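Beneath this line is the structure, given in structure tokens, with notes to follow.
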Amino acid sequence: MISFNHKSFAELSPNEIYQILRLRSEVFVVEQNCVYLDADNKDPHCIHLMGWQNNQLIAYSRIVPPGISYVEPSIGRVVTSPLVRRKGVGRQLMLKSLEVLYNNFGKTAIKIGAQFYLKQFYESLGFRQNSEIYDEDGIEHIEMVRK
């Protein structure tokens, strides 16, 4: 059973911030062997969605307000722990992310920057590719929009 909650940056406890940064680093830096600056000055403006299981952060995304990454609101830093892969946790996380985004910013178009290998996953959630493939930190990405 996964327990989801979301908070503004100011509401996050030091432990929650640590767990978020640890999971993001575990997957985006270590697992994907990608050296990049994760602390991109967007976190203080975002809503942070956390999925917990047995007091361990296993899923996370940040809901980015309009005007920060794109004109539209966005969902970024979507990550699941390697311990729960292939169990539907990513889909649960994205569905909850969409719910939180719509509750905060209304029914609006959403734009994301997605790793290209996840294109079909995001298409299954209603996103459509709207850019050419581009390199971001050595990983192929595309922009996608959900209307």
Side-chain angles (χ1 to χ4, degrees), residues 1-70 72-129 136-147:
M1 182 71 183
I2 301 170
S3 172
F4 284 100
N5 68 318
H6 63 278
K7 296 181 177 183
S8 71
F9 187 76
E11 295 171 321
L12 293 171
S13 72
N15 180 60
E16 289 167 327
I17 293 171
Y18 177 83
Q19 294 298 325
I20 289 167
L21 294 176
R22 185 183 188 290
L23 181 59
R24 287 176 11 182
S25 180
E26 176 185 7
V27 174
F28 298 134
V29 177
V30 177
E31 181 182 321
Q32 295 182 352
N33 194 28
C34 183
V35 178
Y36 79 108
L37 183 60
D38 183 43
D40 59 3
N41 293 317
K42 294 179 184 179
D43 286 322
H45 308 284
C46 296
I47 299 166
H48 300 270
L49 176 62
M50 299 163 283
W52 300 90
Q53 189 173 64
N54 299 323
N55 294 317
Q56 182 177 3
L57 184 67
I58 60 162
Y60 168 84
S61 71
R62 70 178 182 187
I63 313 304
V64 185
I68 303 292
S69 292
Y70 306 105
E72 306 88 345
S74 186
I75 300 168
R77 297 293 198 264
V78 177
V79 61
T80 58
S81 168
L83 301 172
V84 296
R85 300 264 172 79
R86 304 270 183 240
K87 296 181 180 174
V89 174
R91 180 165 299 284
Q92 289 179 57
L93 173 63
M94 278 303 296
L95 292 173
K96 190 68 173 174
S97 297
L98 291 167
E99 177 186 321
V100 171
L101 187 146
Y102 288 143
N103 285 342
N104 282 272
F105 304 112
K107 277 281 200 180
T108 183
I110 302 168
K111 189 171 193 175
I112 63 172
Q115 292 184 5
F116 181 68
Y117 85 94
L118 291 169
K119 178 183 177 194
Q120 288 183 321
F121 170 72
Y122 288 113
E123 285 177 338
S124 75
L125 293 162
F127 288 89
R128 298 293 170 249
Q129 181 176 345
E136 184 173 311
D137 302 313
I139 298 173
E140 290 184 328
H141 280 71
I142 53 174
E143 290 182 356
M144 302 186 84
V145 173
R146 185 178 199 262
K147 301 215 181 233

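Keep in mind that this is a model prediction, so the values were computed, not measured.
Considering only heavy atoms from C-beta on, L95 comes within 4.5 Å of L125 through its side chain. At a threshold of 4.5 Å between non-hydrogen side-chain atoms, the residues E72 and T108 do not count as touching. You'll find the side chain of Q53 stays beyond 4.5 Å of the side chain of L83, heavy atoms only. Residues P73 and P66 have side chains in contact (heavy-atom distance under 4.5 Å, counting atoms from C-beta outward). Between H45 and V64, every side-chain heavy-atom pair lies at or beyond the 4.5 Å cut-off. Contact of the F28 side chain with the C34 side chain is not registered, since no non-hydrogen atoms from C-beta on lie closer than 4.5 Å.
I112 CD1 to H141 NE2: the interatomic distance, rounded to the nearest 0.5 Å, is 10.0 Å. The distance from the CZ atom of F127 to the NZ atom of K147 is 12.5 Å, given to the nearest 0.5 Å. Expressed to the nearest 0.5 Å, how far CD1 of I2 lies from CG of L57 amounts to 10.5 Å. Considering CH2 of W52 and CD1 of I58, their distance stands at 10.5 Å, rounded to 0.5 Å. Between the NZ atom of K7 and the CG atom of L49 there is a distance of 12.0 Å, given to the nearest 0.5 Å. Atom CD of Q19 is separated from atom CG of L12 by 12.0 Å, given to the nearest 0.5 angstrom.
Remark: the backbone N or O of Y60 is not paired with any side-chain donor or acceptor of R77 at under 3.5 angstrom. Between the N54 side chain and the Q56 main chain, no donor and acceptor come within less than 3.5 Å of each other. Formation of a donor-acceptor pair under 3.5 Å by the H48 side chain with backbone atoms of D43 is found in this model. In this structure, the side chain of R128 engages the main chain of E123 through a donor-acceptor pair within 3.5 Å. No donor-acceptor pair under 3.5 Å is formed between the side chain of H6 and the backbone N or O of F4. Side-chain atoms of R24 never come within 3.5 Å of backbone atoms of V79 as a donor-acceptor pair (strictly under, hydrogens ignored). Checking side-chain atoms of S74 against main-chain N and O of K111 turns up a donor-acceptor pair under 3.5 Å.
Residue Y102 qualifies as enclosed at atom OH: its count of foreign heavy atoms under 6.0 Å is above 12. For R85, the CZ atom counts as densely surrounded, since its 6.0 Å shell holds more than 12 non-hydrogen atoms of other residues, nucleotides or ligands. The number of heavy-atom neighbours closer than 6.0 Å to CG of N55, taken from other residues, nucleotides and ligands shown, is 12 or below.
Smallest separation of non-hydrogen atoms from G113 and Y70: N-OH, 3.4 Å. Here the closest heavy-atom approach between residue M144 and residue Q129 is recorded as CE-N, 3.8 Å. Contact record, V84 with T80: CG2-CB, 4.3 Å, taken as the closest heavy-atom pair. Across every non-hydrogen atom of V27 and P82, the tightest pair is CG2-CD, 4.1 Å. When all heavy atoms are compared, the tightest approach of L23 to A59 is CD2-N, 4.0 Å.
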### Query
Can you list the steps and then say if S61 with S97 is a side-chain hydrogen bond (donor to acceptor under 3.5 Å, both in side chains)?
CA-CA 7 Å; S61 71; S97 297; 2.7 Å; yes
### Task
Go through S124 and R91 one step at a time and tell me if the side-chain contact (heavy atoms from CB on, under 4.5 Å) criterion holds.
CA-CA 9 Å; S124 75; R91 180 165 299 284; 2.6 Å; yes
### Message
side-chain contact (heavy atoms from CB on, under 4.5 Å) for S25 and V29? Distances and angles first, verdict last.
### Response
CA-CA 5 Å; S25 180; V29 177; 4.0 Å; yes
### Task
Show your working on side-chain contact (heavy atoms from CB on, under 4.5 Å) between I63 and I75 and close with a plain yes or no.
CA-CA 5 Å; I63 313 304; I75 300 168; 4.2 Å; yes
### Task
Determine, stepwise, if the pair V78 / F121 fulfils side-chain contact (heavy atoms from CB on, under 4.5 Å).
CA-CA 12 Å; V78 177; F121 170 72; 5.6 Å; no
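When only modelled atom types and interatomic distance are considered, D38 and Y36 share a side-chain donor-acceptor pair under 3.5 Å.
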